[in-house]
There are 4 protein chains.
Amino acid sequence: MTTDQVPGSWRHYDDAALSTPLAAALDLFAERGYEGASIREIAARAGLSVPGLYHHYPSKQALLIGLTRVVMADLLARSRRALDEAGPTPREQFDAVVESLLRFHMVRREQAFVASTEMRSMEPDARDEYVALRDEQQRMLDDVVREGVRAGDFRTPYPEDASRAVTTMCVAVASWYRPDGPLSPDELVERYLAIARGAVGAV
Amino acid sequence: MTTDQVPGSWRHYDDAALSTPLAAALDLFAERGYEGASIREIAARAGLSVPGLYHHYPSKQALLIGLTRVVMADLLARSRRALDEAGPTPREQFDAVVESLLRFHMVRREQAFVASTEMRSMEPDARDEYVALRDEQQRMLDDVVREGVRAGDFRTPYPEDASRAVTTMCVAVASWYRPDGPLSPDELVERYLAIARGAVGAV
Amino acid sequence: MTTDQVPGSWRHYDDAALSTPLAAALDLFAERGYEGASIREIAARAGLSVPGLYHHYPSKQALLIGLTRVVMADLLARSRRALDEAGPTPREQFDAVVESLLRFHMVRREQAFVASTEMRSMEPDARDEYVALRDEQQRMLDDVVREGVRAGDFRTPYPEDASRAVTTMCVAVASWYRPDGPLSPDELVERYLAIARGAVGAV
Amino acid sequence: MTTDQVPGSWRHYDDAALSTPLAAALDLFAERGYEGASIREIAARAGLSVPGLYHHYPSKQALLIGLTRVVMADLLARSRRALDEAGPTPREQFDAVVESLLRFHMVRREQAFVASTEMRSMEPDARDEYVALRDEQQRMLDDVVREGVRAGDFRTPYPEDASRAVTTMCVAVASWYRPDGPLSPDELVERYLAIARGAVGAV
DNA sequence: AATGAATGAGCTTTCATTCAT
DNA sequence: CATGAATGAAAGCTCATTCAT
C-alpha cells in the first residue's frame, strides 16, 4: 500500500474541511466566479437566510477571504508535513512535496481553482496575504530543488525555473483532473512524479 | 539573433490583434473577470457610447466569444506554422510547438488567461467550440511526443501525460510572467525548452 | 331605496379592494398601458423603492396577473351572489346578472378596462386563465337567457348572440361612463336593463 | 344575394387599404400595443430600413395618427354611404348604419381595436380629432334612433342610451369575432340586426 | 440566528431618433 | 431611399447590505 489513508496523514482527505457557508460559497464561486455568485444563492445553498449568513460572515469578501485562508493553510500544512515525514535525500523530499501538491489539487480541485482565479477579486491586503502563502509554498519546492542541484542529485541548469514549472504543472491538475476519469490518484502521482523528476533532471 | 521578429512569422507579435471593443473588453475581463466587468466600463474604455458598443457586438457574451475565438485562432495558427517550418526530427518539432506556446502565453498573457478562466461564463455552444480548439492544440503536442517516443528520441513511459504536463506549464506562464521582469522572452524559451525536454525524457 | 349599499352586498363597493402596489399599477396601466407604464413610476406611486416593489411582486407581469385575478374574482363573485339572491324567474335572474355587470363596469371601470385591453400582454398561461374566467362569466348569462327562451319569457331567436351582445354592451360601459357625468348609477342600471331586455326580446 | 361585393360599395372590402408602413405598424400595434411595438420591428415588417421608414413617417406617433385617421375616415365614409343608399324609413336607416358598423368591425377588426385602445397613446390634438370623428359616427346613429322614436317606429324610452348601447355592441364585435369561426358575416349581420332592433324597441 | 421589508446603486439591454454617406 | 454608425434616456431587474422584530 503506497498511500496511507490514515486520518491525520497529509495524504488523507475527508469532506468536513469547510463550514457550511464556505462550502456553499465555494460551490458558487467555482460555478460562476466571485462576481457572478450572489449572496442570496450562497445563503440558500447554505440553508441559511441572508441575514443569517451575514451573522457568520460580514460580507461577500469575508467569504472569499475565509475560503482562501482555509485553502492555503490546508495546502501548506500538508506540504510541510509531507516534507517533515520524508527521508533525508533531495529526491525523497522532492517527491514528497510534489505528491502533496498533486493530491491536494486532485482532491481540493475547486478550492484551489477558486483561490487562484479569484485572487483578482480580493481586497489588496487579503491578496497580499494569499500571495505570500503561495510564495511560501513555492519556496518549499525551490529549496528542495536547489539543494538537489547542489548535491548533484538534480542536473537542471535552471533550478528556480524548473521548480516553478513543476509547481504550475501540479497546480494545473486542478483544472483538468476528474475523479471519475481514467486515472486513479495513485496512478497520476506515479506518472507525474516521473515527469517532474525529468523536469529537474533527476539522475 | 535567435528570434526573427519578421512580420508574418509565428514569432512576431504586434499590437493590432484586436478590435477596439474587444481590446477594451479584454482589459476589463482581465482586471475584474467577465461578471465583474460592466458594459458601461467596456464602452467607455473603447471610446464608445453604450449603444455604440452594442452596434458592433450584440451582447456581452458576444464580446467574450469574439475574444476567445480570436485568441484560439491566433494560437493555433502560430503553432501550426511553427510546426510546418520546423525540421523533421521529433525534437525539432517538439521545440517548435513548445516555443510557440511559450511565446504566445508570454505576449498574449491576458488573452490566454481570460479565455481559460472565463470558459465557465460562456454559453454552452461557445464553450464547446473553445474546448474543441484547445483540444486540437493539445493534440498537436501529443502527436509529436508520441512520435518522438516511437522513434526513440523521447524516453518517457507516459507520453500523453508528459505532453499535457508540458502544455499546462507553458500555459501557466501567462499567469506569472511579467514582460518587465528579470527574464527576457528568449531566455525563458531557452530555459523552459530545457525543462520540457526533461519532462518527456529527451535523450 | 333601490340599491342597498350594505357592506357585503354585491351592490356595495368600497375603496380597499387592491393592495397599494396593485392600485399603483392599475393607475399607470390605465393611463399608459402595460408596456407604457414603468416599474419606477409604479413604485413611486406606491410609495416604495423599486426593490421594495419587487419584494412584494417579483415582476411587472406579476402585477398585471395579480391585478386581473383580483378583477375577475371580484366580478364573478358579485355576479354569482346577485344570481343567488335573485328571484326564480328568468327575468329576475337576467336583471340580476346584468345589473351586477353594469355596476361593476361603472365602479371598477379602470380595472375592467385594463384587464381586457392588456390581455395581449399576459403570458400565455395567465391569459388562458383570464379567458376561462371571462367565459365563465359569459356562460352565467348564456344559461339564464337560454332558460328564459325555453320558458317563453324571452323571444330572441338567437339566445347566445343576444347574451353576448348584452354582455359586451355592459362591459363597454367601462370605457365611456364617468361617475361625474349626467347619469347616476341607478339611472344607468334602469335604462340599460330596459335596453338589455329588448335585446333578448323579453315579453 | 344579400351583400353586393361590388368594389366601391360600402359592403366591399379589399386588402389594399393601408400603405405598407401603416400595415406593418397596425400588425405590431395589435400584437403588442403602441408602446410595446418598436420602430425597428415595424421597419423590418414593412421591408424598410429604419431611416427609410422615417422618410415616410417622421415619428412613431405619426404612424399611429396616420393609422387612426385612415380607420375613422374609412368607417365614416362607409356609414355615410350606407345611410345615403338606404330607404327613407327609420328602420331601413337604422339597419344600414348598424350593418355598416358590424361589417367594418368584422373585417377591419385589428384597425378598429388598435384605434380605440391606443387612443391613450395619442398626442392630445390627435386624440381630440379622433374622438370628434367617433362622436360624429355615434351621432349618425343617435339621429336615426331619435327620428325613429319620434316617428313611432322605435319605442325605447331612452333613445340616446339605446343608440350608444347598440354602437358599443357592434364595436365589440372586433374583439371576439373570428373570420374562421362558425358565423359568416351575413349571418352575424342578420342576428345582430334582430338584437339591435330589440334594443331600440323596434315595433 | 431567522424573518420580512427595505434601499441606493448598479446591471444588461433596448428605445426612438438622427445623420453622414 | 438604404446603410452604418451613433446616442441620451430609459427600460426591467438584481445587487450587497441593513435593520427592526
Side-chain angles (χ1 to χ4, degrees), chain A residues 20-21 25 32 34-44 46-64 121, chain B residues 20-21 25 32 34-44 46-64 121, chain C residues 20-21 25 32 34-44 46-64 121, chain D residues 20-21 25 32 34-44 46-64 121:
Chain A
T20 319
R32 304 203 232 297
Y34 177 76
E35 298 279 355
S38 94
I39 283 276
R40 265 169 180 68
E41 283 176 304
I42 295 171
L48 290 171
S49 66
V50 169
L53 175 59
Y54 272 93
H55 181 79
H56 297 286
Y57 293 86
S59 69
K60 200 179 167 185
Q61 262 293 307
L63 287 166
L64 179 58
S121 298
Chain B
T20 318
R32 305 204 228 297
Y34 177 78
E35 298 277 357
S38 93
I39 283 278
R40 278 189 243 277
E41 284 176 304
I42 296 171
L48 290 172
S49 66
V50 168
L53 175 59
Y54 271 90
H55 182 76
H56 298 285
Y57 293 86
S59 69
K60 201 179 169 185
Q61 263 291 308
L63 287 167
L64 179 58
S121 298
Chain C
T20 318
R32 304 203 229 297
Y34 177 77
E35 298 277 357
S38 94
I39 284 277
R40 277 188 238 281
E41 283 176 303
I42 295 171
L48 290 171
S49 66
V50 168
L53 175 59
Y54 272 92
H55 182 76
H56 298 284
Y57 294 86
S59 69
K60 200 179 169 186
Q61 264 290 309
L63 286 166
L64 179 57
S121 298
Chain D
T20 319
R32 304 202 232 296
Y34 176 77
E35 299 278 357
S38 94
I39 283 276
R40 265 169 179 68
E41 283 176 304
I42 295 171
L48 290 171
S49 68
V50 169
L53 176 59
Y54 272 93
H55 181 79
H56 297 286
Y57 294 87
S59 70
K60 201 178 166 186
Q61 263 292 310
L63 286 166
L64 179 58
S121 298

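Naming: A, B, ... by sequence-line order, numbering from 1 per chain. Remember, it's a predicted structure, so these values are computed and weren't measured experimentally.
Minimum heavy-atom separation, Gly36(A) to Glu41(A): O-OE1, 4.3 Å. Minimum interatomic distance between Leu53(B) and Ile42(B) (heavy atoms only, all atoms of both residues): CD2-CG2, 3.9 Å. Among all heavy-atom pairs drawn from Glu35(A) and Arg32(B), the shortest one is CG-O, 3.9 Å.
In the set dC13(F), dT14(E), dA16(E), dA16(E) carries the atom at the smallest distance from any side-chain atom of Ile39(D). Comparing dC19(E), dT14(F), dC1(F) by their nearest atom to the side chain of Pro51(D) picks out dC19(E). The nucleotide whose nearest atom lies closest to any side-chain atom of Ser49(A) is, among dA2(E), dT18(F), dA10(F), dA2(E).
Summarising the geometry, the separation between OH on Tyr54(C) and P on dC13(F) is reported as 3 Å, rounded to the nearest angstrom. Going from atom CD1 of Ile42(C) over to atom C1' of dA10(F) covers 14 Å, rounded to whole Å. Between Leu63(C) atom CG and dC13(F) atom C1' there is a gap of 13 Å when expressed in whole angstrom units. The interatomic distance linking Leu48(C) (CG) with dG4(E) (C1') rounds to 13 Å, in whole Å. Summarising the geometry, the separation between NE2 on His55(B) and P on dA20(E) is reported as 16 Å, rounded to the nearest angstrom. Rounded to whole Å, the distance from OH on Tyr57(B) to P on dT14(E) is 18 Å. Rounded to whole Å, the distance from CG on Leu53(C) to P on dG4(E) is 18 Å. For Gln61(D) and dT17(E), the CD to C1' distance is 14 Å, given to the nearest whole Å.
Look at dG8(F): its Watson-Crick or wobble partner, with both distances under 3.5 angstrom, is dC15(E). Under the Watson-Crick or G-U wobble criterion, with both distances below 3.5 Å, dA20(F) is paired with dT3(E).
Nucleic acid contact class of Ala62(D) (heavy atoms, under 4.0 Å, all strands): none. Across all strands, Ala43(C) comes closer than 4.0 Å to no nucleic acid atom at all (heavy-atom distances). Across all strands, Ser38(B) comes closer than 4.0 Å only to sugar-phosphate atoms, never to a base (heavy-atom distances).
Under 3.5 Å, the side chain of Arg40(B) and the base of dG10(E) form no donor-acceptor pair of N or O atoms.
Projected onto DNA chain F by closest heavy-atom contact, Gly36(A) and His56(D) fall at different nucleotides, the more 5' of which corresponds to His56(D). Across the interface with DNA chain F, nearest-nucleotide mapping of Lys60(A) and Glu41(C) shows Glu41(C) to be the residue nearer the 5′ end.
Between the side chain of Tyr34(A) and the main chain of Gln61(A), a donor-acceptor pair closer than 3.5 Å is present.
A 4.5 Å side-chain heavy-atom check between Leu48(B) and His56(B) finds at least one atom pair inside the cut-off.
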